[in-house]
Student: 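The structure under discussion is supplied below as structure tokens; questions concerning it will follow.
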2 protein chains.
Amino acid sequence: MQKEAVLKKAGLSVTESRKTILELFFASEGALAHADIEKHSSINIDRVTVYRTLQTFVESGIIHQIPTTDNTILYALCKDSCEAGHHQDEHVHFICVSCNKTNCLDDVMVPMVKLPKGFLPIQTAMIVKGTCIDCRN
Amino acid sequence: MQKEAVLKKAGLSVTESRKTILELFFASEGALAHADIEKHSSINIDRVTVYRTLQTFVESGIIHQIPTTDNTILYALCKDSCEAGHHQDEHVHFICVSCNKTNCLDDVMVPMVKLPKGFLPIQTAMIVKGTCIDCRN
DNA sequence: AATGATTTGCAATATTGTTGCAATATTTTT
DNA sequence: AAAAATATTGCAACAATATTGCAAATCATT
Ligand SMILES: [Mn+2]
Ligand SMILES: [Mn+2]
Ligand SMILES: [Zn+2]
Ligand SMILES: [Zn+2]
């Protein structure tokens, strides 16, 4: 889908900042952190705008978050099937310890897991750390 | 195991800060973030010392990290079987969206998952968000 | 108790995140 | 196509979080 189409489908205004950030996600192999976006965007986008755009994109179901253990949040494009408020991204995420890229393994679904009595699951994330296919040489 | 024993087993000096922080983990039901420790420790521990202690504890296999999507890192006690450099904590973590506590589900192991050719896993984390047993009333 | 090694707290600095508000850009209406 | 209404952006100021070097204090060893 085109940048503008994605924004319009989500009911968002089409602005330069949003198109530029979306462009970055389209072009990127792996997931992006706030800092990546601030550094690599073609035009200059204010730090605050980046924060707000990422938040808007998450809420609109355009991108999803990937938890990490380094005080950053990673973001990656959602499938078209994701919608505002209701994400459908239960695939596994792979963080390469060598190149440090994070991949969405779109074809690997997060397996169900049986929880103790009383725990009611809503959403499950699975993050695998290891060596990615590009780094195994 | 006693506080001092834990530290000695890890080959660490036994200091007031370390005992106090360890105490907090023993007393806490759920996982702790840096901020929790800074706020709730009985004696006053400098912010920098808290950072350094957490790092040391992770490296020594005393605590393990839990990834989140809110720019914090959560920490919880490891099993006795964990050792420096080589953690053995592949259990599921449960974050309650109501009370916001994070539990180690020590008895729920992270299931294996088949990765695409070429991806070599080292460690897997699984975080379930939902409603915990205490909040289902 | 004295020595040496490690840890701690402070200060200074850097990085990251939040908020209000006026200026600008976008969408909708006329 | 212009005007009006709405939404977004950037700036500034601030708050919160994280990092580093170094001297003082604490801890382990003798
Ligand atoms: Mn993903
Ligand atoms: Mn745990
Ligand atoms: Zn790699
Ligand atoms: Zn709860």
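Below, read A as the first sequence line, B as the second, and so on, with proteins coming before strands; counting in each chain starts at 1.
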Student: Check this one for me: any side-chain N or O of A:Asn71 less than 4.0 Å away from OP1 or OP2 of D:dA18?
Tutor: yes
Student: Mind calculating the distance between CD (A:Gln55) and P (D:dT8) to the nearest angstrom?
Tutor: 12 Å
Student: A:Val48 side chain: which of D:dT8, C:dT27, D:dA12 is closest?
Tutor: D:dA12
Student: Do A:Phe119 and B:Val128 make a side-chain contact, defined as non-hydrogen atoms from C-beta onward lying under 4.5 Å apart?
Tutor: no
Student: Can you tell me the distance, in whole Å, between the CD1 atom of B:Ile45 and the C1' atom of D:dA25?
Tutor: 15 Å
Student: For the side chain of B:Tyr51, starting at C-beta, report the closest nucleotide among D:dT17, C:dG9, C:dG17.
Tutor: D:dT17
Student: Looking at A:Thr15, does any N or O in its side chain come under 4.0 Å of the phosphate oxygens OP1/OP2 on C:dA25?
Tutor: no
Student: Please find out if less than 6.0 Å separates the ring center of B:His34 from that of B:Tyr51.
Tutor: yes
Student: Tell me: CZ of A:Arg47 to P of D:dA16, nearest whole Å?
Tutor: 16 Å
Student: State, with a plain yes or no, whether a side-chain heavy atom of A:Leu22 is found less than 4.5 Å away from one of A:Ile62.
Tutor: yes
Student: Within this structure, what is the CG-to-P distance between A:Leu12 and C:dT26, rounded to whole angstrom?
Tutor: 14 Å
Student: Are A:Ile127 and B:Ile95 connected in the hydrophobic side-chain network, where two residues link if heavy atoms are under 4.5 Å apart?
Tutor: yes
Student: Of the nucleotides C:dC10, D:dA7, D:dT9, which has the atom closest to the A:Ser13 side chain?
Tutor: D:dA7
Student: Over how many whole Å does the gap from B:Leu7 atom CG to D:dA28 atom C1' extend?
Tutor: 14 Å
Student: Measure the distance from CZ on B:Arg52 to P on C:dT8 and round it to the nearest whole Å.
Tutor: 8 Å
Student: For the pair made of CG in B:Asp46 and C1' in D:dG21, what is the distance, rounded to whole Å?
Tutor: 14 Å
Student: Once rounded to the nearest 0.5 Å, what's the spacing between atom CG of B:Asp106 and atom NE2 of B:His93?
Tutor: 7.5 Å
Student: Give one of base, sugar-phosphate or nothing for B:Asn44, where a contact means two heavy atoms less than 4.0 Å apart.
Tutor: sugar-phosphate
Student: Check the distance between C:dA23's C1' and A:Glu16's CD and give it to me in whole angstrom.
Tutor: 17 Å
